[in-house]
Chemist: 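Handing you a structure now.
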Amino acid sequence: MKDGERVIAKKMDESIQTLYDRTEYCKRQIGDQSSKAEQTIKTKTYISITQIDKLTKSSVQLIEGHTKNSMARMQQTVADKAVEDYERGVEYLRCRLVDHYRDTVSYVPLSALNLSLDKHVQDVYVSPKIHRIKIENDGRLTKREQIFSYKDIFNDGNKLARRIYLQGEPGSGESTFASKLVNEWCNLPSTESTKEKTLFVDFENLQKFKFLFFISLRDSRHQTDVVQMIKTHVIDKICTEDEREEAKKLCLQIMKNEICLVIQDGLDEWPGDEALPSMTGIPKDNCIVLTTSRPWKLSDERIKNSQKDILLEVEGISDTEAFNERIQRCLLDKSKDVKESVKQFKIFLRSRNLQSISSSPMLYALVLCTWVDDRESLTGSSLYDLYTTLLDCLCKKATPEICYFNKTNPAPVKNFDGTKYLKPNKAHIDSIAEAAFSFLFSNEKESSIVFSDIKLSEFLLPSAKEFALKSGLLTKRKAKRVTDTTCRFVHKTLQEFLSAYHIANNLNAVNDVIFGYLKRHDNSYLDISQMFIFLCGLNISAANKLSAMMNELDVYRHYIYLGIFQNCILTGYREAVANKNTPIHLHLSHFKINNDNDAEELFHIWAFNKFRARSLGIVNLNRIIVSVCSRGVLSTRCQELDLFPCLHVMILVPLHLHK
């Protein structure tokens, strides 16, 4: 090989080696860089993932926080909306309720003579005399202090009482007091609804009641629970048909959340099988219940003393002169001298010995309205005379024809002599009286006061029914269905008066009807006490016979401390004396003497009953008048009083004598 070729070959080998070396170096460099890059990438990737994870957790926490806040805000918004809707619904319902009460409950009839002549309660209202009644440990009822404020009505000490009872005799004003209370509540917080500035003006005690539900038990004869009564007499009256279900739910919600007052007016006129309407579904803690009733109804042994948190009794009006003036301002023209007319009416009452009617605002207004209309017509002084005059005036409204009873056509009872409008309507009155008696002593107690128009037609011809409605003896309430139309007498005492008139002309009714009725309903002898008093003025023979039946039932009852039956006999005795009826042989076995004003009359009753007397209680505030007497052991004082055969004498000593 030539030298030149060898040199070239050598250089080429060197060049290839150099290229190879450089290639290897580059590979090594690239490998190192790749490893570094891979490590860097791994490192950076880990860092990124860690950062992302931290960011993700932070974001999740942030999102969760925002979500929770949003949910809380949403829940608060929903809650606020619910509260707002509730308060709006409450206010709307309350406004509707107030408007309803202002149009209905706030108006009362001026007189039983004309129920359509109603006036706003504040125009005729005078505060009644209300006393607290204490129920002693032995069951006796003791009249305590007179009360003058709503606080005393609703509070037992420093707390609200849940069950309050206001009792009163017929027409004494308990229902009018309830109407006035409703009217005051409707005008809260204003106090301008009353013109009186002395009694029952503590309106802040009415502001405790967020809602007031007024129920007329007289109009609830087919209902047994208060919730249903509220729906029928409140909700159905103020809400449209599509609103009623929601309104009922709202009412129940209100009773759970707010302090409410439920007024049950006229328990004695509610014919339910139970002693009281059911309060099922109504929270006990928030609902205060005020119930008005006649005393006999609250003597029902099913109404336990423990269920009477507060017992009150209304005894007529506190200021008869103010009541006299208010009624006359509603009746007389503005040109008349009201003050002089008030004086003349007081003179009339004294001349007729009728001052005692002030205990009954209903009777007082009845006499006053009759006197203003026709002063010559009021001539008698007994209760029966008064209702005879009322009946005569009512007949005049239907048929103004004047016709008197005479020897040829004598009066069916002596008290009807001298009446002007009864004779032409005697046939109608007789059939209406029969209906009054039949309903009063009906075995179906739910129809004794309020009865169907169809049932009434069994006793009255169409002409008699028309007369009864025109005269105002009966009232009728129409309904959507003819079969639901109901009737009632304008006042229960008028029904009792007519029942007594029927008995006076049908003496067999005592044995044929009343005897069996009292045996089946042995507690009802107290319920017919007013009718019995009328009968004493009408027919003393029938009254004597009926008193024997009633006394037989009273002997085995536990009302001796209450003196309810004795008061009935005592009032009947006075009525018989006022009408000069003899012989008066009224039966009574339990005697309780604690009032000197009654002593002489009770002595006369005792004289006839001394051989059937079972017990005698005599109370004097300063001393014991008699000591214990039993068969065969008589004290000197007992002998002086001729209390010979008494079986047991109880000495009722005032509490302060024990100290």
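The analysis underlying the following values was restricted to heavy atoms, covering all of them including side chains, and did not include hydrogens, waters or symmetry mates. All values reported here derive from a predicted model rather than from experimental measurement.
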Chemist: Indicate yes or no: at least one non-hydrogen side-chain atom of E174 is less than 4.5 angstrom from one of Q167.
Modeler: no

Chemist: Shortest non-hydrogen contact from V413 to A504?
Modeler: CG1-CB, 4.2 Å

Chemist: Looking at CD1 of I153 and CG of N205, how far apart are the two atoms once the value is rounded to the nearest 0.5 Å?
Modeler: 10.5 Å

Chemist: Look at K143 together with E313 and state whether they make a salt bridge at an N to O cut-off of under 4.0 Å.
Modeler: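 A salt bridge is absent here (no side-chain N lies under 4.0 Å from a carboxylate O).
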
Chemist: For Y384 and F534, I'd like to know if the aromatic rings sit close, meaning centre-to-centre distance below 6.0 Å.
Modeler: no

Chemist: Side chain to side chain donor-acceptor pair (under 3.5 Å) with S220: which residues, sequence neighbours excluded?
Modeler: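 By the side chain to side chain donor-acceptor pair (under 3.5 Å) rule, S220 matches H233.
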
Chemist: Is M550 close to I528 at the side-chain level, that is, under 4.5 Å between some pair of heavy atoms?
Modeler: yes

Chemist: After noting the C-alpha distance and the side-chain angles of V367 and F348, does the key distance pass the side-chain contact (heavy atoms from CB on, under 4.5 Å) rule?
Modeler: CA-CA 10 Å; V367 176; F348 163 78; 4.0 Å; yes

Chemist: Given 3.5 Å as the limit, does a donor-acceptor pair link the side chain of Y101 with the main chain of L212, or not?
Modeler: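 Checked: pair present.
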
Chemist: Report yes if some heavy atom in the side chain of Q328 is under 4.5 Å from a heavy atom in the side chain of W371; otherwise report no.
Modeler: yes

Chemist: Could you tell me how the ring of F177 sits relative to the ring of F200: parallel (under 30°), tilted (30 to 60°) or perpendicular (over 60°)?
Modeler: perpendicular

Chemist: Please tell me whether F565 and F532 form a close aromatic pair, meaning their ring centres lie under 6.0 Å apart.
Modeler: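 F565 vs F532: aromatic centres not under 6.0 Å.
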
Chemist: Donor-acceptor pair, E184 side chain versus L206 backbone, under 3.5 Å?
Modeler: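 The answer is no, because no donor-acceptor pair under 3.5 Å joins these two groups.
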
Chemist: Does atom NZ of K414 have more than 12 heavy-atom neighbours, drawn from other residues, nucleotides or ligands, at distances under 6.0 Å?
Modeler: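 Atom NZ in K414 is packed in, count exceeds 12.
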
Chemist: Would the number of heavy atoms belonging to other residues, nucleotides or ligands and lying under 6.0 Å from CD of E321 be above 12?
Modeler: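 Open: at most 12 neighbouring heavy atoms sit under 6.0 Å from CD of E321.
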
Chemist: Anything under 30° is parallel, anything over 60° is perpendicular, the rest tilted; go ahead and classify F203 against Y150.
Modeler: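 Tilted, since the angle between the ring planes falls between 30° and 60°.
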
Chemist: Hydrogens and angles aside, do Y501 and D430 bring a side-chain donor and acceptor to less than 3.5 Å of each other?
Modeler: yes

Chemist: Under the side-chain contact (heavy atoms from CB on, under 4.5 Å) rule, what do K119 and R326 come out as? Steps first, then yes or no, please.
Modeler: CA-CA 11 Å; K119 298 293 180 180; R326 290 196 174 195; over 6 Å; no

Chemist: Under a 3.5 Å distance rule, please check whether N415 uses its side chain to pair with a backbone N or O of D385 as donor and acceptor.
Modeler: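 Looks like no, no N/O pair under 3.5 Å.
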
Chemist: Ignoring hydrogens and angles, state whether a donor on the side chain of T399 or N425 is under 3.5 Å from an acceptor on the partner side chain.
Modeler: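 Distance-only check passes for T399 and N425.
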
Chemist: Flag the pair F439 / F489 as yes when their ring centroid distance falls below 6.0 Å, and as no otherwise.
Modeler: no

Chemist: Out of curiosity, L535 CG to I533 CD1, how far, rounded to the nearest 0.5 Å?
Modeler: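 If we round to the nearest 0.5 Å, L535:CG and I533:CD1 are 11.0 Å apart.
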
Chemist: OH of Y107: more than 12 outside heavy atoms within 6.0 angstrom?
Modeler: no

Chemist: Would you name the heavy atoms of L422 and L391 that are closest together and state the gap between them?
Modeler: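 Between these two residues, the closest heavy atoms are CD2-CG, 3.7 Å.
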
Chemist: Which heavy atom of A500 sits nearest a heavy atom of M531, and at what distance?
Modeler: CB-O, 3.7 Å

Chemist: I'd like to know if the side chain of D392 pairs up with that of T419 as donor and acceptor (distance under 3.5 Å, no hydrogens or angles considered).
Modeler: no

Chemist: Taking it one step at a time, do L586 and I540 satisfy side-chain contact (heavy atoms from CB on, under 4.5 Å)?
Modeler: CA-CA 9 Å; L586 302 178; I540 192 61; 4.3 Å; yes

Chemist: Which heavy atom of A398 sits nearest a heavy atom of K470, and at what distance?
Modeler: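 So the minimum-distance heavy-atom pair works out to CB-CB, 4.1 Å.
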
Chemist: Is a side-chain N or O of T292 found less than 3.5 angstrom from the main chain of L166, in a donor-acceptor match?
Modeler: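 Checking the backbone N and O of L166 against the side chain of T292, no donor-acceptor pair under 3.5 Å is found.
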
Chemist: Under a 4.0 Å threshold between the charged nitrogen and the carboxylate oxygen, would K492 count as salt-bridged to D527?
Modeler: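 Yes, D527 and K492 are salt-bridged.
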
Chemist: Can you tell if the side chain of Y165 reaches within under 4.5 Å of the side chain of I133, non-hydrogen atoms only?
Modeler: no

Chemist: Start with the C-alpha gap between V124 and T176, add the side-chain angles, then the distance that decides, and say whether side-chain contact (heavy atoms from CB on, under 4.5 Å) holds.
Modeler: CA-CA 10 Å; V124 299; T176 303; 5.7 Å; no

Chemist: So, taking the atom named CG in D309 and the one named CZ in F154, what distance separates them when rounded to the nearest 0.5 Å?
Modeler: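 Taking CG in D309 and CZ in F154, the distance rounds to 13.0 Å.
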
Chemist: Any salt bridge linking D219 with R488? Criterion: basic side-chain nitrogen under 4.0 Å from a carboxylate oxygen.
Modeler: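 R488 and D219: salt-bridged.
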
Chemist: Between R132 and E145, is there a salt bridge with N-O shorter than 4.0 Å?
Modeler: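 R132 and E145: salt-bridged.
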
Chemist: Report yes or no: does R102 contribute a side-chain atom to a donor-acceptor pair with the main-chain N or O of C186 at less than 3.5 Å?
Modeler: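 Yes, R102 side chain to C186 backbone: donor-acceptor pair under 3.5 Å.
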
Chemist: Got a second to check how far H502's NE2 is from F441's CZ, nearest 0.5 Å?
Modeler: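 It comes to 10.0 Å.
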
Chemist: To the nearest 0.5 Å, what is the distance between CG on L473 and CD1 on I432?
Modeler: 5.0 Å

Chemist: Rounded to the nearest 0.5 Å, what separation is found between the CG atom of L110 and the CG atom of L117?
Modeler: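 Here the rounded value is 5.0 Å.
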
Chemist: Is the closest side-chain heavy-atom distance between T320 and L349 below 4.5 Å?
Modeler: no

Chemist: Can you confirm whether L217 sits close enough to M229 that some side-chain heavy atom of one is under 4.5 Å from a side-chain heavy atom of the other?
Modeler: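 In short, these two side chains touch, coming nearer than 4.5 Å.
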
Chemist: Donor-acceptor pair, K308 side chain versus L298 backbone, under 3.5 Å?
Modeler: yes

Chemist: List the steps and the verdict of side chain to side chain donor-acceptor pair (under 3.5 Å) for Q530 and T493.
Modeler: CA-CA 7 Å; Q530 188 65 51; T493 54; over 6 Å; no

Chemist: Measure from the side-chain N and O atoms of N581 to the backbone N and O of C536, and report whether any donor-acceptor pair falls under 3.5 Å.
Modeler: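 At least one qualifying donor-acceptor pair exists.
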
Chemist: Could you check if a side-chain atom of F467 sits within less than 4.5 angstrom of a side-chain atom of L460, using non-hydrogen atoms only?
Modeler: no

Chemist: Salt bridge or not between E136 and R144? Use side-chain N to carboxylate O under 4.0 Å.
Modeler: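 Salt bridge present between E136 and R144.
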
Chemist: Would you say the side-chain atoms of N539 pair up with the backbone N or O of A542, donor to acceptor, closer than 3.5 Å?
Modeler: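 A pair under 3.5 Å: yes.
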
Chemist: With K151, which residues qualify under side chain to side chain donor-acceptor pair (under 3.5 Å), at least two apart?
Modeler: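 If we apply the side chain to side chain donor-acceptor pair (under 3.5 Å) test to K151, skipping adjacent residues, there are no hits.
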
Chemist: Has T571 got a side-chain atom pairing as donor or acceptor with N567's backbone, closer than 3.5 angstrom?
Modeler: yes

Chemist: Donor-acceptor pair, distance only, cut-off 3.5 Å: does the side chain of W185 make one with the backbone of F209?
Modeler: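 Side chain of W185 to backbone of F209, a donor-acceptor pair under 3.5 Å: yes, one is there.
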
Chemist: Which atoms form the tightest heavy-atom contact between D319 and A322, and what is the distance?
Modeler: OD1-N, 3.1 Å

Chemist: Taking the side chain as C-beta and beyond, is there a heavy-atom pair between R218 and W270 under 4.5 Å?
Modeler: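 R218 does not reach W270 side chain to side chain.
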
Chemist: Taking all atoms of both residues into account, what is the closest heavy-atom pair of D265 and S175, and its distance?
Modeler: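 Where D265 meets S175 most closely, the heavy atoms are OD1-OG, 2.8 Å.
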
